[in-house]
Amino acid sequence: MVKQMELYKLTAHESMDLLAKKEVTSQELTRAVIGRIETVDKQVESYITNTFDYAMETAKAVDEKIAKGEALAPLEGVPMAIKDNICTKDITTTCASKMLENFVPPYDAFVAKRVKAAGAPMLGKLNMDEFAMGSSTENSYFKKTKNPYDLTRVPGGSSGGSAAAVSADLAMYTLGSDTGGSIRQPASFCGVVGLKPTYGLVSRFGLVAFASSLDQIGPLTKDVTDAALVLNLIAGHDEMDSTSLNVPETDYTAGLCEDVTGLRIGVPEEYLGEGIDEDVKKRILEAIKLYESLGATVKYFKMSMSQYALPAYYIISSAEASSNLARYDGVKYGFRAEGFEDLLDMYKKTRSEGFGSEVKRRIMLGTYALSSGYYDAYYKKAQQVRTIIKNDFDQAFAKYDVILTPTSPITSFKIGEKTTDPMQMYLADICTVSINIAGLPAISLPCGFDKNNLPVGLQLIGDSFAEKTILKAAYAYEKYAGFSGVRPSL
């Protein structure tokens with residue numbers, strides 16, 4: 001029996017086992033995590049909104065079900081939390097912005113419905129970069145989330161609150177969104193597992209749009225088994241999302257095993273070259289050696305178009321952001337400025353006061369890229385590069401089952417270190433953006449630490465709908481590498 005005070009340390013699947021054996025109640029689990037949040041989140045600052053009463057009500061209903069001898073669904077009764085750009089009915093969804101500070105959605109996102117239907121006690125909404133634009137969670141209107149491994153450093157972004165909450169045991173698992181690495185990069189910085197599914201596998205209905213052709217919801221978890229379990233819960237076709245794909249239902253936990261004999265792993269040389277921190281490179285090379293010792297074959301190859309991924313990503317994402325964020329004009333909902341002279345003045349003041357500097361930067365960049373005379377030179381060109389990058393991946397997956405890279409070229413940096421230089425901040429996404437451009441699945445998992453005892457992330461990329469392949473490869477590494485149970489000492 002796990003001690004009451006240590007219940008928050010459990011993984012989701014460990015919690016499920018204890019609930020099934022009636023060794024613990026959902027209320028005990030939920031109470032333990034709430035106690036942990038009340039003690040530790042003052043330092044980490046991962047939550048924007050807490051919904052503790054709702055979580056305890058859900059947990060009570062689950063316990064009543066257990067008392068009647070009814071079987072629980074997977075993840076039922078396991079406390080979790082959601083990034084604050086995923087709509088939750090009657091619960092504030094702010095996108096960490098002044099613009100939506102008081103916005104209460106009248107409906108649930110597809111994934112929020114799935115979580116509620118599964119009977120998961122939802123603890124609250126998590127901090128992020130405003131409108132998911134950023135790599136450090138320093139762009140939030142409300143607070144700066146800290147990295148649980150070092151409170152003077154960033155947790156990554158934009159799903160920094162989601163990653164920090166899992167790392168600091170402030171939720172059993174969380175949901176985040178990934179537009180150019182926003183699940184995987186913070187997972188890497190905070191030493192947890194982050195999975196970005198194939199584009200269209202998880203519905204985007206109810207996800208406040210940043211860049212619609214790149215955005216994807218996914219899980220952040222304490223280990224790979226939990227990532228597979230959460231993907232089982234949230235994957236599925238949704239008629240409310242025109243980009244949702246109708247693919248056969250899959251049990252992503254079924255393929256988890258330690259045998260990777262014959263697995264063909266490709267390593268792009270460009271991802272271990274200039275700009276990659278030496279400690280990061282060492283940990284990745286150690287991971288490659290471990291895979292070889294387990295019977296996988298590893299080959300290095302060139303992905304020459306990867307150098308164009310970052311500029312293409314920032315043009316496409318900013319153009320789509322410019323279009324998506326046009327709806328925030330002070331007319332229908334959200335923030336409205338005061339003291340305006342006429343309609344145009346209201347638009348101008350509302351958007352000037354309601355958006356932060358990074359959001360404004362990307363709206364201006366995107367509007368410029370879409371403007372008359374520049375559309376062909378920038379946006380159209382970026383979309384052409386996108387096709388070439390996808391073709392590069394297609395050719396690679398004809399030879400390899402999995403592509404292995406670092407998740408981030410660096411480990412977590414100090415708060416404030418890169419805020420004055422947007423280009424340096426954007427370079428933190430250099431290993432992740434090409435996956436969103438190609439719409440592919442990828443997972444980040446811990447693969448050791450640098451000289452400052454900060455986590456390093458290993459990224460495994462799969463072909464479209466090859467989640468089972470990357471989860472199996474990640475599971476085998478996790479079992480033999482021994483980093484999954486390591487947590488910061490908070």
Quiz prompt | Working for side-chain contact (heavy atoms from CB on, under 4.5 Å), residues L220 and V193 | solution = CA-CA 6 Å; L220 290 110; V193 174; over 6 Å; no

Quiz item: Just checking, is any N or O donor in the side chain of E101 or T94 under 3.5 Å from an acceptor N or O on the other one?
Solution: no

Quiz item: Would you say T137 and K144 make side-chain contact, with heavy atoms under 4.5 Å?
Solution: no

Quiz prompt | Polar side chain donor-acceptor pair, T367 to S322, under 3.5 angstrom | solution = yes

Exercise. May I ask you to decide if M303's main-chain N or O and E270's side chain share a donor-acceptor pair within less than 3.5 Å?
Key: yes

Quiz prompt | Residues D226, T221; criterion side chain to side chain donor-acceptor pair (under 3.5 Å); working and verdict | solution = CA-CA 6 Å; D226 282 2; T221 60; 5.5 Å; no

Exercise. Give a yes or no on whether a salt bridge exists between D169 and K222, defined as a side-chain N under 4.0 angstrom from a carboxylate O.
Key: yes

Quiz item: Taking the side chain as C-beta and beyond, is there a heavy-atom pair between P455 and F189 under 4.5 Å?
Solution: no

Quiz item: Under 3.5 Å, is there a donor-acceptor pair linking the side chains of T225 and D223?
Solution: no

Quiz item: Looking only at atom types and distance, does a side-chain atom of T350 sit under 3.5 Å from a main-chain N or O of A337, one as donor and one as acceptor?
Solution: yes

Quiz prompt | K390 NZ: over 12 foreign heavy atoms closer than 6.0 Å | solution = yes

Quiz item: Side chain of S97, backbone of L100: donor and acceptor closer than 3.5 Å?
Solution: yes

Quiz item: Is N232 reaching over with its side chain to a backbone N or O of Y252, donor-acceptor style, under 3.5 angstrom?
Solution: yes

Quiz prompt | Closest non-hydrogen atom pair between S182 and G134, with its separation | solution = OG-O, 4.4 Å

Exercise. Assign the ring pair Y379 / Y375 to parallel, tilted or perpendicular, where the plane angle (0 to 90°) is split at 30° and 60°.
Key: tilted

Quiz item: Do E358 and R361 sit within salt-bridge range, that is, some charged N less than 4.0 Å from a carboxylate O?
Solution: yes

Self-check item: Steps toward salt bridge (Lys or Arg N to Asp or Glu O under 4.0 Å) verdict (E130, K98)
Solution: CA-CA 9 Å; E130 182 188 356; K98 182 177 182 179; over 6 Å; no

Exercise. May I ask you to decide whether D376 forms a salt bridge with K381, counting only side-chain N to carboxylate O separations under 4.0 Å?
Key: no

Exercise. Check for a donor-acceptor pair, side chain of S188 on one end and backbone N or O of R184 on the other, with a separation under 3.5 Å.
Key: no

Quiz item: Under 3.5 Å, is there a donor-acceptor pair between the R204 and T243 side chains?
Solution: yes

Quiz item: Between E14 (side chain) and T11 (backbone), is there a donor-acceptor pair under 3.5 Å?
Solution: yes

Self-check item: Side chain proximity check, V247 to H237, heavy atoms < 4.5 angstrom
Solution: no

Self-check item: Verdict with reasoning, V280 to I410, per side-chain contact (heavy atoms from CB on, under 4.5 Å)
Solution: CA-CA 7 Å; V280 172; I410 54 173; 5.6 Å; no

Quiz item: So, do L233 and Y173 sit near enough that their side-chain heavy atoms are less than 4.5 Å apart?
Solution: yes

Quiz item: Does a salt bridge link E45 with K146, judged by any charged N lying under 4.0 Å from a carboxylate O?
Solution: yes

Quiz item: Would you say D129's side chain and N139's backbone share a donor-acceptor pair under 3.5 angstrom?
Solution: yes

Quiz item: side-chain contact (heavy atoms from CB on, under 4.5 Å) between L29 and Y8: does it pass, once the steps are laid out?
Solution: CA-CA 7 Å; L29 278 175; Y8 56 78; over 6 Å; no

Exercise. Of all the heavy-atom pairs spanning C447 and F483, show the shortest one and how long it is.
Key: C-CE1, 3.4 Å

Quiz item: Side-chain contact, heavy-atom cut-off 4.5 Å: F335 with N102?
Solution: no

Self-check item: Test: D84 and K125 ion pair at under 4.0 Å
Solution: yes

Exercise. Could you tell me which non-hydrogen atom of Y47 sits nearest to which non-hydrogen atom of A171, and how far apart they are?
Key: OH-CB, 3.8 Å

Quiz item: Does the N324 side chain pair with the main chain of F210, one donor and one acceptor, at a distance under 3.5 Å?
Solution: yes

Quiz item: Quick one: does R386's side chain have a donor or acceptor within less than 3.5 Å of a partner on A309's backbone?
Solution: no

Self-check item: Contact summary for I86 and A109, nearest pair of heavy atoms
Solution: CG2-CB, 3.6 Å

Quiz item: By side-chain contact (heavy atoms from CB on, under 4.5 Å), which residues pair with D401, not counting sequence neighbours?
Solution: L263, R264, T469

Quiz item: Quick one: does Q216's side chain get under 4.5 Å of I183's, heavy atoms only?
Solution: no

Exercise. State, to 0.1 Å, how close K83 and A132 come at their nearest heavy-atom pair, and which atoms those are.
Key: NZ-CB, 4.2 Å

Exercise. Please examine the side chains of V115 and K113, heavy atoms only from C-beta on, and report whether any two atoms are closer than 4.5 Å.
Key: no

Self-check item: Rounded distance [0.5 Å steps], CD in E57 versus OG1 in T30
Solution: 12.0 Å

Quiz item: Side chains of K60 and S26: is there a donor and an acceptor less than 3.5 Å apart?
Solution: no

Self-check item: Electrostatic pair E138-K418, nearest N-O below 4.0 angstrom
Solution: no

Quiz item: Can you tell me if S434 and Y271 form a side-chain donor-acceptor pair at under 3.5 Å?
Solution: yes

Practice problem: Taking the side chain as every heavy atom from C-beta outward, state whether L195 and I470 have any atom pair closer than 4.5 Å. | Solution: yes

Quiz item: Can you tell me if N436 uses its side chain to pair, donor with acceptor, with the backbone of D178 under 3.5 Å?
Solution: yes

Quiz prompt | Matching residue for D429 among S408, S135, P409 - test: side chain to side chain contact (heavy atoms under 4.5 Å, CB included) | solution = S135

Practice problem: Verify whether one side chain among D215 and S177 offers a donor that lies under 3.5 Å from an acceptor in the other. | Solution: no

Quiz item: Checking side-chain contact (heavy atoms from CB on, under 4.5 Å) for the pair F355/Y328: CA distance, chi angles, key distance, verdict?
Solution: CA-CA 9 Å; F355 289 134; Y328 304 112; 3.8 Å; yes

Quiz prompt | Salt-bridge criterion met for D329 and R351 (N-O under 4.0 Å) | solution = no

Quiz prompt | F52, CZ atom: more than 12 neighbouring heavy atoms under 6.0 Å | solution = yes

Quiz item: Just wondering, are more than 12 heavy atoms of other shown residues or ligands nearer than 6.0 Å to NZ in K349?
Solution: yes

Quiz prompt | Aromatic ring proximity F205/Y107, centre distance under 6.0 Å | solution = yes

Quiz item: Between T407 and T432, what is the shortest heavy-atom contact and its length?
Solution: O-CG2, 3.3 Å

